[in-house]
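Right, one structure below, let's go through it.
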Amino acid sequence: QVQLVESGGSLVQPGGSLRLSCAASGSIVSVNAMGWYRQAPGKQRELVASITSGGNTNYADSVKGRFTISRDNAKNTVYLQMNSLKPEDTAVYYCNADLTTYYSSKLLGYWGQGTQVTVPQ
């Protein structure tokens with residue numbers, strides 16, 4: 001029905017940069033909000049950044065000023081530019097999209113498989 005494929009996760013040194021991408025495909029009618037969440041071992045999943053269909057953004061305080069979320073509506077793709085990375089950014093990053101499909105008019109949330117970002121101390 002719908003597939004969210006994430007890419008870009010890697011090991012990067014402190015202070016380095018990384019760009020994550022997530023492309024949604026399938027029987028999509030429309031995509032509303034998209035966002036990035038992360039989950040570190042022993043921690044709860046937290047919102048990193050989100051972006052509405054109109055381009056309005058929201059960031060967690062811990063990443064504000066360092067991360068930038070953007071989207072390409074034509075490609076149903078959301079990006080996360082990560083700069084000045086810190087060890088505390090180490091986590092599995094998950095893409096999320098709220099969308100409607102041809103099989104359901106309801107607005108439902110979909111998740112990617114996750115991509116690992118590691119920043120050594």
Shortest non-hydrogen contact between [X] and [Y], atoms and distance:
X	Y	answer
Ala97	Val31	CB-CG1, 4.5 Å
Val119	Lys86	CB-O, 3.3 Å
Leu107	Leu99	CD1-N, 3.4 Å
Ala91	Ala40	CB-N, 3.8 Å

Main-chain N/O of Gln1 paired to Ser27 side chain as donor or acceptor, under 3.5 Å: yes

For the pair Ser104 (side chain) and Lys106 (backbone), establish whether a donor and an acceptor sit closer than 3.5 Å, ignoring hydrogens and angles.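 Indeed, once roles are kept as given, a pair shorter than 3.5 Å links the two residues.
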
Please tell me whether Tyr37 and Trp111 form a close aromatic pair, meaning their ring centres lie under 6.0 Å apart.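 Yes: the rings meet the under 6.0 Å criterion.
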
Roughly how far apart are Gln116 CD and Leu11 CG, rounded to 0.5 Å? 9.0 Å

With heavy-atom distances below 4.5 Å as the criterion, would you say the side chains of [X] and [Y] are in contact?
X	Y	result
Arg19	Tyr79	yes
Cys22	Trp36	yes
Leu85	Leu18	yes
Ser53	Met34	no
Val117	Leu20	yes

Cation-pi geometry met for Arg38 and Tyr94 (6.0 Å, 45°):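 Cation-pi check for Arg38 and Tyr94: fails.
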
Any side-chain donor paired with an acceptor under 3.5 Å for Asp72 and Thr77? no

Assess, by modelled atom type and distance only, whether the side chains of Thr100 and Ser105 contain a donor and an acceptor separated by less than 3.5 Å.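 Short answer, no.
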
